[in-house]
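Below is one structure, written out as structure tokens; comments come after it.
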Protein chains: 2
Amino acid sequence: MKLELQIKMNPSLFLRDPEQSELGKNIIKHSIQLIHNNGFEAFTFKKLAESIGTTEAGVYRYFENKHKLLVYIISWYWGWIQFQLNYQTNNIKDPTVKLKKVITLLSTNVEDDITTGHVDESKLHQILIAEGSKAYLTNHVGKDNKQQFFKPYKDLCNAIGEIILEYNPKYKYPHSLASTIIEMAHLQNFFMNHLPSLTDFSKSKDEKEIIKYLEDLVFNTIRI
Amino acid sequence: MKLELQIKMNPSLFLRDPEQSELGKNIIKHSIQLIHNNGFEAFTFKKLAESIGTTEAGVYRYFENKHKLLVYIISWYWGWIQFQLNYQTNNIKDPTVKLKKVITLLSTNVEDDITTGHVDESKLHQILIAEGSKAYLTNHVGKDNKQQFFKPYKDLCNAIGEIILEYNPKYKYPHSLASTIIEMAHLQNFFMNHLPSLTDFSKSKDEKEIIKYLEDLVFNTIRI
DNA sequence: TATTTATGATAGTAATACTATTATTTAAAA
DNA sequence: TTTTAAATAATAGTATTACTATCATAAATA
């Protein structure tokens with residue numbers, strides 16, 4: 001028996017469910033490749049279609065536009081992180097251990113062999129670092145938010161907030177700290193690699209340094 | 001005598017110095033208006049030209065493309081913040097007071113009457129919140145960085161790092177904490193207004209809450 | 001006054017972000 | 001097994017964007 005992780009996606013994100021066909025899966029797979037290689041700005045449906053061996057119109061039957069496709073793969077990523085978090089913290093009681101797992105999970109580029117079918121989680125992680133905030137930094141955030149496009153992110157933020165409160169029930173900013181952890185796990189990584197003088201990890205360029213920084217930040221902030 | 005603040009800009013950012021002509025000043029002024037109103041994605045040189053009453057070609061004589069124009073106004077903003085920081089912390093010795101000034105400066109939407117000539121700092125602040133990270137989240141960060149496009153940001157980050165070290169000379173991550181303060185002052189504001197469940201300020205929607213959050217974060221982190 | 005320099009007006013191109021149409025293949029239902 | 005529906009491929013077309021190029025004119029300067 002083969003278990004496959006299925007992440008439930010918001011149907012407003014697509015016109016036709018990409019999980020349900022080979023072409024759909026190829027759209028996701030090649031999108032991740034292309035966005036990872038050339039960035040979201042340079043990514044077009046025409047290039048995507050060429051890369052798959054289909055036509056532009058073919059892609060448009062699945063996704064209305066490239067922004068929704070980006071939000072789709074980002075949502076998928078947050079769903080996957082949420083699953084990993086639940087899985088890894090299952091049966092663990094100590095919130096310290098849980099928080100450390102969260103920080104490591106968000107900061108680490110999973111070099112996973114068991115890539116989930118057509119999705120390369122490692123590349124996705126790097127896409128999130130470089131393009132993640134473009135999902136919401138638009139002038140249509142409000143609309144997108146009403147359509148629940150950011151629910152997976154919010155759910156994750158809530159889950160992390162819960163763990164923070166387990167650690168210190170009196171801490172006043174669990175959600176803000178959670179979103180700070182998430183965003184900084186990515187941004188400090190981006191800075192480390194592209195604008196190193198904005199960080200203190202320039203020499204090693206090692207994710208472990210980011211983890212140490214965040215652990216120091218979080219546990220000093222929430223300690224009782 | 002009229003004193004006017006002149007912020008020295010990196011000449012690689014423009015083809016013709018916008019400070020040196022009426023048209024140039026109008027380009028900056030109307031860019032800020034348009035980007036503020038419709039976001040950077042919807043901003044085009046054609047719309048800008050129409051808004052000024054010139055032609056597209058006219059704008060292209062000043063800026064190579066809209067990305068460089070964005071980097072220009074963002075650089076201007078960081079230069080201005082740097083000036084404000086130096087001015088406001090001048091003669092102050094206590095690093096606690098200085099850090100609080102930094103946090104307030106970065107988190108507050110200056111409703112300034114004395115807007116610096118053609119630049120509306122309040123709108124610029126909001127542009128930074130929504131578009132600031134787009135200056136560096138590109139696949140040509142490396143190139144841009146080599147041309148010193150991000151120097152004003154780095155200088156500010158360094159200056160804040162210095163104050164952090166004055167407070168606690170043994171703190172290990174002054175630059176990372178500085179960039180965290182800068183980015184979070186903006187991002188928590190964006191979240192507060194557009195994705196409130198990612199923060200703990202949803203009820204009040206008050207910048208002062210962000211300041212409190214950041215002060216709590218920073219001083220708990222760096223305390224000796 | 002001559003001449004450089006900035007601007008205005010207009011045109012044109014390649015690429016992007018789509019929409020529409022029709023033919024063909026594949027898969028599901030009758 | 002045939003009919004029918006659904007998905008895909010192939011092609012074409014449009015409006016907008018992101019530019020580049022040209023030439024005339026106005027303003028500043030030598």
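Residue numbers start from 1 in every chain, and the chains themselves are labelled A, B, ... in the order their sequence lines are given, proteins ahead of strands.
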Once you round it to whole Å, what is the distance between [atom2] of [N] and [atom1] of [X]?
| X | N | atom1 | atom2 | value |
| --- | --- | --- | --- | --- |
| A:K68 | C:dC18 | NZ | P | 11 Å |
| A:E64 | C:dT16 | CD | C1' | 17 Å |
| A:K47 | C:dA17 | NZ | P | 9 Å |
| B:L48 | C:dT7 | CG | P | 14 Å |
| B:E50 | D:dT16 | CD | C1' | 12 Å |
| B:F63 | D:dC19 | CZ | P | 14 Å |

Do any side-chain atoms of residues 32-39 of chain A form donor-acceptor pairs under 3.5 angstrom with protein atoms, and if so which ones, sequence neighbours left out?
| residue | atom | partner | partner atom | Å |
| --- | --- | --- | --- | --- |
| A:Q33 | OE1 | A:K123 | NZ | 3.4 |
| A:H36 | NE2 | A:Q126 | NE2 | 3.2 |
| A:N37 | ND2 | A:Q33 | O | 3.3 |

Could you work out, with side chain to side chain contact (heavy atoms under 4.5 Å, CB included) as the rule, every residue matching B:T89, not counting sequence neighbours?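 With neighbours one apart ignored, the set is B:L85, B:K98, B:K101.
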
- [ ] Just call it for B:Y60: base, sugar-phosphate, or nothing, with non-hydrogen atoms closer than 4.0 Å on any strand.
- [x]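 Contact class for B:Y60: base.
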
With a cut-off of less than 4.0 Å, is there a side-chain N or O of [X] near OP1 or OP2 of [N]?
| X | N | answer |
| --- | --- | --- |
| B:S21 | C:dT7 | yes |
| A:Y62 | D:dT8 | yes |
| B:T54 | C:dG8 | yes |
| B:K66 | D:dA18 | yes |

A:N65 side chain, from C-beta outward: closest of C:dC18, D:dA9, D:dC19
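Of all the options, the side chain of A:N65 is nearest to C:dC18.
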
Candidates C:dA6, D:dT17, D:dA9 - which lies nearest the side chain of B:T44: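 Among C:dA6, D:dT17, D:dA9, the one nearest the side chain of B:T44 is D:dT17.
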
Go nucleotide by nucleotide along DNA chain C from the 5' end; which of B:T55 and B:R16 gets its closest nucleotide reached first?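 Its nearest nucleotide being more 5', the pick is B:R16.
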
Test side chain to side chain donor-acceptor pair (under 3.5 Å) applied to B:Y213 and A:T180, step by step
CA-CA 11 Å; B:Y213 163 67; A:T180 299; 2.6 Å; yes

Within a reach of under 6.0 Å around [atom1] of [X], are more than 12 heavy atoms found that belong to other residues, nucleotides or ligands?
| X | atom1 | answer |
| --- | --- | --- |
| B:K29 | NZ | no |
| B:K151 | NZ | no |
| A:K205 | NZ | yes |

Would you please name every residue forming a salt bridge (charged side-chain N to carboxylate O under 4.0 Å, His left out) with B:K154, sequence neighbours left out?
->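 Testing B:K154 for salt bridge (charged side-chain N to carboxylate O under 4.0 Å, His left out), a comparison that skips the adjacent residues, returns none.
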
Please list, one pair per line, the donor and acceptor atoms closer than 3.5 Å that link side chains of residues 53-62 of chain A to other protein atoms, with sequence neighbours excluded.
| residue | atom | partner | partner atom | Å |
| --- | --- | --- | --- | --- |
| A:T55 | OG1 | A:G58 | N | 3.4 |
| A:Y62 | OH | A:S21 | OG | 2.5 |

5' to 3', nucleotides 22-30 of chain D under a 4.0 Å protein heavy-atom cut-off (B base, S sugar-phosphate only, - none) gives ---------

Below 4.0 angstrom, which residues in residues 22-41 of chain B have at least one non-hydrogen atom near DNA chain C?
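B:L23 - these, ordered by number, are the residues of the stretch whose heavy atoms sit under 4.0 Å from the strand.
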
**Report entry** Donor-acceptor pair (no angle test) under 3.5 Å: B:E56 side chain, D:dC19 base
**Finding:**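 In this structure, the two groups form a donor-acceptor pair.
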
Q) Less than 4.5 Å apart, any side-chain heavy atom of B:Y153 and any of A:L195? A)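 Heavy-atom side-chain distance check fails, nothing below 4.5 Å.
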
